[in-house]
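Presented below is the structure to which this report refers.
All values below were derived from every heavy atom in this structure, side-chain atoms included, with hydrogens, water molecules and symmetry-related copies excluded. By convention in this document, chain letters (A, B, ...) are assigned in the order of the sequence lines, proteins followed by strands, and residues within each chain are numbered from 1.
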Amino acid sequence: MANAPALLECSGLRKNYGAVVAVDGVSFSIAPGESYGLLGPNGAGKTTTISMVVGLFDPDAGEVVVQGVPMGRDPTRAKVQIGYVPQDIALYPDLTARENLVFFGRLYGLGGDELGGRVEETLGLVGLVDRGDDRVDTYSGGMKRRLNIAAGMLHRPSLLVLDEPTVGVDPQSRNSILEAIEQLGRAGMAVLYTTHYMEEAERLCDRVGIIDEGRIVAEGTRRELVAMVGERDRVRIDASGDTVKLARTLRKVTGVDEVTEREGGVDVTGVEARRLLPALLEAAQKSRAQVGSVEVLEPDLESVFLHLTGKALRD
Amino acid sequence: MPGALVIARKDLRQRLRDRSAIVVAVVAPVVLSSILTFALGGGTAAFTPTFAVAVLDEGDIGTQFADALLGPGLGDVVETVDATDDADVARLIETGEADAGFVLPPETTADILAGRRPTITVLRDASAPVAGAVAEAIAEGFVARVSAGQVAVATTIALDGAPPDPAAIAALAERAQEGDLPLTVDAVVVDDTGAGQATYFASGMAVFFLFFTVAYGAKSLLAERDDGTLARLLTAPIRPSSVIAGKALGSFVLGLASITTVVLFTTLAVGARWGDPIGVAIMVLAVVVAAQGVTAAVSTFARTPEQAEGYASAVSVVLALIGGSFFSLSQAPEALQALNRLTPNGWALRGFGQLAFESAGAVDILPAAAATAAFGVVTGAIALVRARRIVDIR
């Protein structure tokens with residue numbers, strides 16, 4: 001999919017806030033129908049990047065091109081191709097769901113029967129048909145989230161940009177949101193999705209860009225990214241006591257590649273970590289740290305992020 | 001539909017759904033105007049006006065005029081107070097002892113017989129517009145009666161027992177038809193500054209609440225920014241200027257609807273007389289522009305919607321006080337009267353006053369309308385510059 005003509009092309013995006021560099025030379029592209037995830041911790045530059053993509057911010061340097069239309073030169077034409085779902089609920093609470101959707105639809109030039117049909121279809125997609133005539137301020141948080149997404153996809157954009165749409169959502173609504181996005185992806189809509197939830201990126205995205213401190217540090221499919229870490233497992237040891245000494249001791253164990261201290265314990269990576277477990281526990285005992293639990297984790301994007309940045313996604 | 005219209009329509013829908021907005025835009029000015037109208041003399045209840053009468057003519061016309069006021073018919077529904085001259089009539093009106101007055105000048109009878117056209121002066125108190133209108137009608141009715149009588153007398157004299165001369169009859173008939181009346185009526189407003197309280201306060205309240213009504217536009221721009229919907233609007237395929245235009249249009253329409261409703265209601269329900277409709281329409285447009293510009297400029301200096309509401313409210317109240325929405329400034333110190341000219345409210349009420357109490361036409365109130373609108377244009381330009389900063393959330 002990455003070889004298809006790009007629907008979205010971001011090159012060298014840079015954004016400063018005073019002396020702070022929020023985004024530092026971010027480049028990536030998304031093909032039609034592709035789901036692309038920007039994975040990174042809070043403050044990594046995801047929202048700033050997305051804001052430049054949707055035309056909300058002008059980049060200090062670099063360019064956003066949507067279906068061949070430069071955002072900086074012809075924003076109105078470029079924006080028609082994009083549906084934006086902001087991180088916070090951006091709806092009118094004193095209007096009903098249908099009124100909200102009709103309003104946003106009209107902004108995108110929809111009208112008449114076409115608009116009415118789109119509203120019903122979109123309400124159905126997010127499971128709100130029965131509550132469509134209720135004011136939004138009577139909705140639960142999850143329902144508002146779903147309507148927030150509906151407002152972004154009503155005009156059937158070529159690219160749907162979602163900025164951490166599941167933050168603060170209960171598990172049931174979260175699953176419902178992810179299913180709706182998967183459905184859009186299957187229907188051929190390209191998706192740019194930011195999250196700091198590794199499992200969401202793994203579930204939804206064809207390709208993932210790992211972003212940290214305003215830079216994309218790695219990019220690829222899940223398989224490609226995991227391969228960067230090698231076929232190594234991660235052992236998560238929760239422990240109390242002198243974890244610094246614990247980490248030092250564990251580094252001396254044969255087969256251990258890397259030990260990362262974190263609050264409440266350490267993370268160990270190594271080939272076939274399960275076989276290392278006895279040695280690791282023996283070393284832990286020697287360090288006099290009190291081990292609470294030990295968990296062996298298969299390689300995932302969290303491991304990749306840890307490997308690339310030396311810190312956990314939710315630090 | 002252009003983006004600005006879509007946004008304006010959405011804003012109006014939200015505003016009309018908010019009961020407090022309806023109260024401020026329509027109910028409060030209408031209710032207060034009505035209360036003040038009834039309380040201060042413009043009501044429709046039956047009343048007995050008191051007229052100060054200075055009959056300075058000792059001839060037949062003077063006697064007929066006094067008899068007309070005191071005789072059957074008029075004598076049952078009006079009261080009269082004798083006055084010595086026009087100054088005395090004016091004094092009686094100003095002290096409230098009379099609602100209006102008449103001055104029939106000396107030698108009226110002799111002047112009419114000599115072919116001159118003396119004038120009955122009607123002195124009015126603008127705070128009692130109905131009584132003033134009744135006085136004018138009485139004077140005009142009397143003039144018509146004298147005219148008819150004069151034609152009859154002239155005809156008799158002209159004939160003098162001789163066969164009628166067709167040319168003389170034609171000349172008399174023509175004179176009667178042309179309305180070449182032997183008397184004229186001149187209406188004089190005794191006190192035009194504190195006057196016409198019924199309509200004056202209707203316009204005062206309408207203008208006062210208008211400022212609160214239109215302040216919504218700029219405040220809602222800040223609210224949209226805080227609520228995150230502004231970001232969503234700016235990612236739609238519309239220009240940022242469309243957002244500002246939509247906000248301005250929405251509050252303009254609401255302001256127009258608000259003050260128009262007040263004008264119509266007070267006219268139809270409580271008898272306020274706003275004057276020439278075209279002039280009123282011009283003043284309404286001017287004052288909506290002014291209110292919108294001033295409140296928007298003030299609001300755009302705020303950081304939050306709540307702060308904007310506070311700023312706009314404070315400025316609206318101060319302008320209403322200085323502008324004369326609550327009380328006439330005719331007796332106020334000169335400095336305050338000078339300040340009045342520095343407020344859009346003052347100019348707007350001056351324009352409405354000219355229409356209501358001086359029978360001014362659309363052309364006459366153009367200076368007041370232009371001055372009122374000028375406040376809106378200048379402050380609106382400031383608001384536009386400031387609003388662009390709000391919309392530019394980069």
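Comparing Ala151(A), Ser51(A), Gly152(A), Gly111(A) by heavy-atom pairs within less than 4.5 Å of chain B, the highest count is held by Ala151(A).
Atom CZ of Arg215(A) sits in a sparse spot, with 12 or fewer heavy atoms from other residues, nucleotides or ligands closer than 6.0 Å. Within 6.0 Å of the CZ atom in Arg386(B), the count of heavy atoms belonging to other residues, nucleotides or ligands exceeds 12. When the shell of 6.0 Å around CG of Leu16(B) is examined, it contains more than 12 heavy atoms from other residues, nucleotides or ligands.
Both the backbone and the side chain of Asn148(A) come within less than 4.5 Å of a heavy atom of chain B. With a 4.5 angstrom heavy-atom cutoff, Ala78(A) does not touch chain B via any of its atoms. Looking at Ile82(A), there are no atoms closer than 4.5 Å to chain B (heavy atoms on both sides), in backbone or side chain.
A side-chain contact (heavy atoms from CB on, under 4.5 Å) with Thr235(B) holds for exactly one of Val54(A), Val161(A), Val85(A), Leu107(A); it is Val54(A).
Nearest heavy-atom pair, Gly228(B) versus Ala90(A), reported as atom, atom and distance to 0.1 Å: O-CB, 3.5 Å. Among all heavy-atom pairs drawn from Leu233(B) and Phe104(A), the shortest one is CD2-CE2, 4.4 Å. Minimum heavy-atom separation, Phe103(A) to Ile7(B): CE1-CA, 3.9 Å. The shortest heavy-atom contact between Arg232(B) and Leu91(A) is NH1-CD2, 4.0 Å.
With rounding to the nearest 0.5 angstrom, the CD1 atom of Ile89(A) is 12.0 Å from the OG1 atom of Thr229(B). With rounding to the nearest 0.5 angstrom, the CG atom of Asp226(B) is 11.5 Å from the CG atom of Asp88(A).
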Thr76(A) and Ile238(B): CA distance, side-chain angles, deciding distance, side-chain contact (heavy atoms from CB on, under 4.5 Å) verdict: CA-CA 6 Å; Thr76(A) 306; Ile238(B) 58 171; over 6 Å; no
Apply side-chain contact (heavy atoms from CB on, under 4.5 Å) to Lys10(B) and Arg106(A), showing your working. CA-CA 10 Å; Lys10(B) 184 269 299 174; Arg106(A) 284 195 176 122; over 6 Å; no
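Interface with chain B: from residues 92-100 of chain A, residues Tyr92(A), Asp94(A), Leu95(A), Thr96(A), Glu99(A) qualify, criterion being any non-hydrogen pair under 4.5 Å.
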